[in-house]
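Below, chain A is the first sequence line, B the second, and so on; all start at residue 1. Please read these numbers as outputs of a predicted model, since none were measured by experiment.
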Amino acid sequence: MVIDKATFREFQIVGKVLTDHRYNTSHSGNISMRSGGKMLIKRRGAMLGFLEPEDIIETDLYQQDSGIMLSSTETEVHRQIYLQTDAMAVIHAHNPFCVILSLVEDEITCLDAEGCYLYKKIPIIEVENPAGPADAAREVPKVLKNYPVVVVRTHGVFAKGTSLIDALQNVTGAEQSAMLRYYTLLLGKPLKRDLSKEKFFSEW
Amino acid sequence: MLVSMINLMIKINLSKEEIYTEELSIEILNEYLGGRGLGVKLLYDNLGKGVDPLSPQNILVFSVGPLTSIPLPTSGRLSLVTKSPLTNTILHSNSGGFWGPFFRRNGYYALYITGKFTGSSKGYILIDGTNIEIKDASELWGLTTEETLKKLTALEGNCQVLMIGPAGENQVKFASIMNQAHRAFGRGGAGAVMGSKGLKAIAVKNGQNKVQPQNPVYLKKLNQVAADKIRVFPITSQGLPLFGTAVMMKVINAFGMLPIKNNQKGADERIDLISGERLREKFFEKNESCFSCPIRCGRWTNTGDQRGKGPEFESLWALGPQCGIFDLKIITHANYLCNKLGLDTISTGNTIACAMELHQRGLLDRSISFGDSQKLMELVNEIAYKRNLGKELAEGALRFAKKYNGTQYAMQVKGLELPAYDPRGAMGQALNYATSNRGGCHLTGYLIAMELLGVPKLIDRLSIAAKADQLVLKQNQSAVEDSLIICKFVGFALGFDFQIRFLRAVTGRDDLTIAELVKIGERIYNLERLFNVQEGFTRIDDNLPERFLKEHLPGGRIVPLDKLLDEYYHVRGWDDNGIPTNEVLEKLNLKR
């Protein structure tokens with residue numbers, strides 16, 4: 001398919017950032033965006049950090065079609081997110097600190113100011129088969145109706161955005177908050193200021 | 001040993017109406033597994049040089065593999081090996097369904113048929129436990145495959161049937177052997193070999209001897225993990241079950257490598273009219289699966305006027321875009337007709353497309369134009385019954401084009417018509433077409449999986465770097481898959497890691513390694529090559545039609561075949577003329 005230069009450039013930037021920051025292995029992770037009533041999504045097996053125009057696959061937004069032969073393994077999760085939420089773009093990455101905290105916590109409570117401002121807390125969900133798309137396609141959209149980013153325990157994050165760049169901020173922002181929380185917990189000392197105890201946080 | 005318990009071979013000499021069984025040697029089974037490997041070994045050892053494929057001397061070897069009938073994914077396939085009347089090369093083919101498991105449960109591993117019924121006698125074979133009979137088929141001769149199935153089932157009760165249609169009876173060079181009338185040993189004209197022997201059908205009743213794996217506990221665990229992987233992987237859990245193999249139509253068109261009008265173009269804007277999605281929307285009736293298959297890519301379709309199986313992607317393409325036809329109903333009916341008559345759809349469509357281009361170029365003075373769907377249906381019938389121009393077309397595209405001084409318009413390699421991937425769009429697939437031992441075949445080393453589908457990982461489709469190395473490994477692995485035997489589709493989700501583990505679970509041989517298995521594949525591939533070398537095939541025959549070496553295709557590249565071949569022979573350890581060297585043969589325990 002033919003993809004316009006600006007859109008492709010956005011895919012390239014996002015793919016490169018996710019790879020350079022080690023949010024994924026050489027081949028894992030997937031990114032997509034709505035376009036003209038369809039979905040543009042990374043090709044299965046393509047390397048996020050080195051995308052070529054042929055690596056962006058167009059597939060139907062509303063039903064399965066032959067694009068499934070080429071598109072990311074998690075295409076169905078992306079599709080359900082678009083169908084059930086306000087997402088304009090979706091990123092799936094294997095953020096290391098988010099995954100680590102998902103092994104021991106039920107949500108990631110942000111301790112840093114930016115995290116608190118943007119997310120307050122990042123939900124963690126558990127599905128029976130975290131590596132496959134079927135369970136995630138059922139559970140992830142439910143959470144993304146109310147939150148910009150969610151962690152699937154043992155697996156990674158799904159983030160939505162108004163654009164790919166916005167979704168990228170949610171992936172990186174969640175990871176930043178998770179990393180800061182992880183190191184803070186390692187210190188084992190009481191917090192001087194805990195924003196999570198302040199206004200509206202617990203109801204978020 | 002790689003085979004547990006059951007390793008009996010039925011040998012039938014039709015000329016003498018002689019039937020007996022013998023035990024297959026453990027050495028052969030250890031070195032060739034079963035299926036394709038076993039068939040190739042038996043053919044190489046027993047068929048003399050230069051035998052006419054349609055003479056009584058030719059041999060048909062049907063065989064199962066060590067995984068056949070074991071409860072694991074896609075363990076229902078059956079292999080066939082013979083000498084091809086279309087190409088004069090070795091011919092291996094396999095088909096799904098239930099015939100293989102029924103046969104193995106009768107206590108058999110292989111069926112070896114030679115000779116020919118005397119005079120004008122026609123017969124069929126019935127296998128029911130230790131009772132193996134040759135029966136008169138005079139009432140079946142002349143029937144379509146569907147009619148044959150109906151009549152044989154009425155005569156013999158519940159059984160699985162391999163049969164030929166009128167095309168096989170008339171020895172059309174690309175007649176197929178049909179399996180339950182709707183599946184096929186499609187390629188290379190095995191149906192004509194059966195027809196030349198006067199053998200209409202082979203029916204088998206379900207046996208009672210269930211083959212038990214040596215390590216059922218390990219197998220159970222493996223099956224659980226495999227089921228998860230098949231369920232998770234979109235090609236096996238969504239693409240193929242939903243749309244069948246026709247799912248590939250839009251995919252290949254999008255890459256500009258769907259052959260249109262005898263490979264004159266690589267894409268067409270009318271593709272939505274004949275896509276897998278359209279087929280499902282318009283004609284889909286229900287899925288059908290082979291023995292122990294969770295994918296269920298088979299499908300029954302109903303056009304309102306007719307009902308049948310398919311069409312599969314290759315059939316949809318060959319009888320459609322390759323002939324310039326984009327009418328889904330006509331293509332579907334042409335596919336049904338090929339099945340009833342017992343014709344290989346790929347060769348049928350390609351040969352007709354070749355005639356269409358010969359007409360376009362002014363070399364054939366008949367009104368056969370691209371897009372003429374009426375003519376397509378007429379020609380399918382004429383080919384099967386060898387009537388009018390059909391008599392010449394029944395020889396295949398290469399012989400037909402030669403007759404009309406247009407060899408370059410025959411899209412074939414070694415006489416076998418090419419499948420639905422234009423080689424200019426994928427260099428590994430191009431090299432596979434050129435080097436496949438049975439001629440222009442996509443399945444012998446399906447590098448499309450890597451070059452397009454990203455399975456297991458994506459590689460640059462237009463690059464030639466390391467393509468020879470990738471292809472050799474893939475061809476060797478495929479030879480193993482065809483000998484175990486399991487379906488290539490399940491390989492998309494499971495890969496070679498599972499195959500070795502399944503084999504360990506079934507045989508109890510925990511010491512087996514992937515390297516050993518690949519070496520078996522290499523042995524099979526080289527033995528096939530030796531067979532072809534004996535028949536006079538050399539580098540000259542590892543070729544592609546001129547079009548792919550000279551004409552540009554948008555989004556593709558001209559195939560640098562010589563360079564690819566040099567590398568391929570080097571990787572294989574063959575000499576510059578494509579002949580296996582003594583060192584390679586010694587390593588593989590092969591003799592000329």
Q) Any idea which of B:D228, B:V247, B:L240 has the most non-hydrogen atom pairs under 4.5 angstrom with chain A? A) B:V247

Q. Considering only heavy atoms, which portion of B:M249 lies under 4.5 Å from any heavy atom of chain A: side chain, backbone, both, or neither?
A. neither

Q | Interchain contact, A:A134 with chain B, by part (heavy-atom threshold 4.5 Å) | A | neither

Q) Which class fits the ring pair B:Y446 and B:F492: parallel under 30°, tilted 30 to 60°, perpendicular over 60°? A) tilted

(Q) Can you tell me which portion of A:D55 sits under 4.5 Å from chain B's heavy atoms? Options are side chain, backbone, both or neither. (A) side chain

Q. Among A:S66, A:A131, A:S72, A:S71, which has the most heavy-atom pairs under 4.5 Å with chain B?
A. A:S66

(Q) Report which part of A:D65 has an atom under 4.5 Å of a heavy atom belonging to chain B: side chain, backbone, both, or neither. (A) both

Q.
Under the criterion side-chain contact (heavy atoms from CB on, under 4.5 Å), I'd like the reasoning laid out for B:L316 against B:N335: C-alpha separation, chi angles, the key distance, then a yes or no.
A. CA-CA 7 Å; B:L316 189 52; B:N335 172 68; over 6 Å; no

**Q.** With A:V90, the side-chain contact (heavy atoms from CB on, under 4.5 Å) member among A:I81, A:V140, A:N30
**A.** A:I81

**Q.** From A:E105, A:E107, A:E175, residue fulfilling salt bridge (charged side-chain N to carboxylate O under 4.0 Å, His left out) relative to A:R181
**A.** A:E105

Q) Are A:R79 and A:D60 close enough for a salt bridge, meaning some N to O gap below 4.0 Å? A) no

**Q.** Best-contacting candidate, B:R461, B:K250, B:M450, B:R231, against chain A by heavy atom pairs under 4.5 angstrom
**A.** B:R461

**Q.** Residue part contacting chain B, namely of A:R44, when any heavy atom lies under 4.5 Å
**A.** both

Q: Give, as side chain, backbone, both or neither, the part of A:E74 having an atom under 4.5 angstrom from any heavy atom of chain B.
A: neither

Q: Please look at B:L242 and chain A and tell me whether the side chain, the backbone, both or neither of the residue comes under 4.5 angstrom of a heavy atom of that chain.
A: side chain

(Q) Once rounded to the nearest 0.5 Å, what's the spacing between atom CD1 of A:I91 and atom CE of A:M33? (A) 11.0 Å

**Q.** Step-by-step side-chain contact (heavy atoms from CB on, under 4.5 Å) determination, A:Y147 to A:K160
**A.** CA-CA 9 Å; A:Y147 297 90; A:K160 65 176 182 180; over 6 Å; no

